[in-house]
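Contents: one structure, followed by commentary.
So you know, we letter chains A, B, ... as the sequences are listed, proteins then strands, and number each from 1. Only heavy atoms go into these numbers, but all of them, side chains included; no hydrogens, no water, no symmetry mates.
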2 protein chains.
Amino acid sequence: MDPSDIEPALQATPFLPPIRADAPLLTDEQRMRLAAIATRIRVQPREVVYREESAARSVFIIAEGVVKAFKDMPSGKRWVTAFLYPADVFGLAENGLYVRTAQAVTQALLYRFDVNVLIETLKSDGELQFKFLCKLTHELREAQRQTIAIGRKDAIGKLAMFFRQLQREPGASRDIDLPMTRSDIASYLGLSLESVSRATRALERRGVVCFPNRHMVRIIDPPQFERIESTM
Amino acid sequence: MDPSDIEPALQATPFLPPIRADAPLLTDEQRMRLAAIATRIRVQPREVVYREESAARSVFIIAEGVVKAFKDMPSGKRWVTAFLYPADVFGLAENGLYVRTAQAVTQALLYRFDVNVLIETLKSDGELQFKFLCKLTHELREAQRQTIAIGRKDAIGKLAMFFRQLQREPGASRDIDLPMTRSDIASYLGLSLESVSRATRALERRGVVCFPNRHMVRIIDPPQFERIESTM
DNA sequence: CGCTAGATTGATAAAGGTCAATCATTGTGG
DNA sequence: CCACAATGATTGACCTTTATCAATCTAGCG
């Protein structure tokens with residue numbers, strides 16, 4: 001296997017051009033430096049990586065698989081705040097405590113960093129730390145894009161924007177993997193499970209997408225898909 | 001005037017305790033270091049700091065005043081993605097271009113940094129860069145909290161969460177300044193202007209808050225306010 | 001083969017959007 | 001100093017959409 005596939009990676013669109021958006025953010029040397037201070041852990045589907053409000057001793061980077069971050073509300077409802085993919089960072093504490101619960105959606109391979117060791121490593125390597133800074137900036141923008149999707153009123157538009165976000169590189173395959181459940185999607189988009197179901201069926205009925213199976217969506221009519229996505 | 005009030009500041013809850021949440025993030029020395037590479041500019045209400053999609057040459061830190069960041073949608077609707085306050089950073093580019101338009105809400109005093117100079121300064125000072133990293137982590141969490149507010153269905157609950165967010169330090173005064181218009185609030189929360197208006201009146205009618213004037217809200221009944229905020 | 005978690009579908013009611021009219025506040029020019 | 005214009009805010013009537021409740025269906029899996 002190519003070593004660049006196994007050392008930790010970070011994915012981000014950097015501040016400045018002309019670096020390609022999909023170019024690896026970290027150099028091989030930086031990845032090795034990180035690998036040297038990381039532990040690789042494998043988690044099974046539904047396994048909880050950490051719980052909200054617990055002491056934050058580790059930061060994670062995903063190598064393989066999908067993880068969700070969520071918060072349980074007083075009412076018993078659950079808010080999914082993020083789906084995390086390979087080359088994403090998670091577990092950044094607030095005042096020493098985790099803010100969300102992180103749970104594996106699929107089997108996943110994670111790099112775990114001791115937070116103190118990582119901080120010292122970053123402080124001593126300005127170039128590497130800058131990569132993290134770019135990554136966080138990227139995450140911040142993504143969070144704001146998510147906010148736009150969630151602020152929409154129409155379930156169909158929300159869903160279209162959600163599918164587009166999962167299609168991480170633009171212009172990638174028409175097939176998008178949906179490792180999470182409909183219920184996860186609902187609590188991410190701020191919809192009821194039933195509305196998600198109705199919206200998926202509506203998109204299907206209109207011939208915009210089809211679902212080869214429940215965990216896969218295929219865009220059949222890209223122009224109309226785009227129209228729905230941007231009509232608001 | 002205390003020099004710690006005029007050098008640039010950053011506000012963030014750090015990763016690790018026991019630093020107080022409202023303690024200044026930057027040391028005096030770091031502030032001076034930043035001040036040395038910054039230009040101070042004053043902007044008037046409604047003045048545009050930069051436009052979306054334009055070349056991003058500067059990064060800004062707010063010293064005084066309030067700025068909003070928004071995106072105009074194809075339909076003509078405007079999405080306000082953030083209200084920026086003193087000690088907030090904005091203008092972080094994506095691929096060399098600004099992502100949002102930034103416009104002053106009130107008169108404001110800004111520190112402007114040349115992006116290349118700032119990057120070099122950060123790379124050469126691991127401690128200072130780490131402060132920026134903390135700040136961005138903080139912003140990311142705030143963005144996710146905003147997402148929760150916006151994902152709610154009920155206008156009254158959205159508004160309550162919004163007011164709470166504006167009350168930047170918890171347990172601060174019961175009076176909250178609302179420098180932005182109702183229309184700005186609406187396009188931030190994903191509501192119609194009319195719904196914001198009705199929700200404010202509803203809160204007022206129930207005796208939860210009162211509005212000494214249009215740009216000020218006072219929480220009269222904190223327990224009930226909190227109940228509305230967390231009922232979802 | 002039947003159990004179970006997840007997903008779909010239908011009927012009803014509540015909530016916000018939209019359209020339209022009116023009111024309030026601020027600032028400007030006569 | 002007042003009248004008026006312009007922007008922002010409020011209120012009402014009506015309509016569209018989603019949440020909710022409830023029943024049913026489906027796909028995995030032991």
Side chain of B/Ser183, heavy atoms from C-beta onward: which of D/dC21, D/dT10, D/dA9 has the nearest atom to it?
D/dA9
Any ion pair linking B/Arg198 and B/Glu194 (charged N to carboxylate O, less than 4.0 Å)?
no
Kindly say if A/Arg198 contacts the phosphate of C/dT8, meaning a side-chain N or O under 4.0 Å from OP1 or OP2.
no
At 4.0 Å (heavy atoms only), tell me whether B/Thr181 reaches a base, stays on the sugar-phosphate, or touches nothing.
sugar-phosphate
Please state how far atom CD in A/Glu194 lies from atom P in C/dA11, giving the value in whole angstrom units.
15 Å
Does C/dA15 have its OP1 or OP2 closer than 4.0 Å to a side-chain nitrogen or oxygen of B/Lys153?
no
Please report the distance, rounded to the nearest Å, between CD1 in A/Ile185 and C1' in C/dT8.
14 Å
Nearest-neighbour nucleotide for the A/Arg201 side chain, D/dT18, D/dG12, C/dT9 considered
C/dT9
Would you tell me if any nitrogen or oxygen in the side chain of A/Ser192 comes within less than 4.0 Å of OP1 or OP2 on D/dA19?
yes
Nearest of C/dA7, C/dA20, D/dA19 to any side-chain atom of A/Arg182?
C/dA7
Please report the end-to-end axis angle for the helix from C/dC1-D/dG30 to C/dG30-D/dC1, five pairs per end, rounded to 10 degrees.
30°
Between B/Lys77 and C/dT18, does any side-chain N or O lie under 4.0 Å from OP1 or OP2?
yes
Candidate nucleotides C/dG17, D/dT26, D/dT7, ranked by approach to the side chain of A/Arg214 - the nearest:
D/dT26
Taking any heavy-atom pair under 4.0 Å as a contact, classify B/Gly157: base, sugar-phosphate, or nothing.
nothing
Nucleotide C/dC19, atom P - distance to CG of B/Leu193 in whole Å
13 Å
Kindly indicate whether the side chain of B/Glu226, heavy atoms from C-beta on, has any atom under 4.5 Å from the side chain of B/Arg164.
yes
Atom-pair distance (CZ on B/Phe211; C1' on C/dA24), nearest Å
16 Å
Among the nucleotides D/dG8, D/dT11, D/dA19, which one has an atom lying closest to any side-chain atom of B/Ser197?
D/dT11
Rounding to 0.5 Å, atoms CG (A/Asp221) and CZ (A/Arg206) come to a distance of 11.5 Å
If you look at every strand shown and take non-hydrogen atoms under 4.0 Å, does B/Arg205 touch a base, only sugar-phosphate, or nothing?
nothing
A/Asp72 and side chain to side chain contact (heavy atoms under 4.5 Å, CB included): which single residue from A/Arg51, A/Arg78, A/Lys77 fits?
A/Arg78
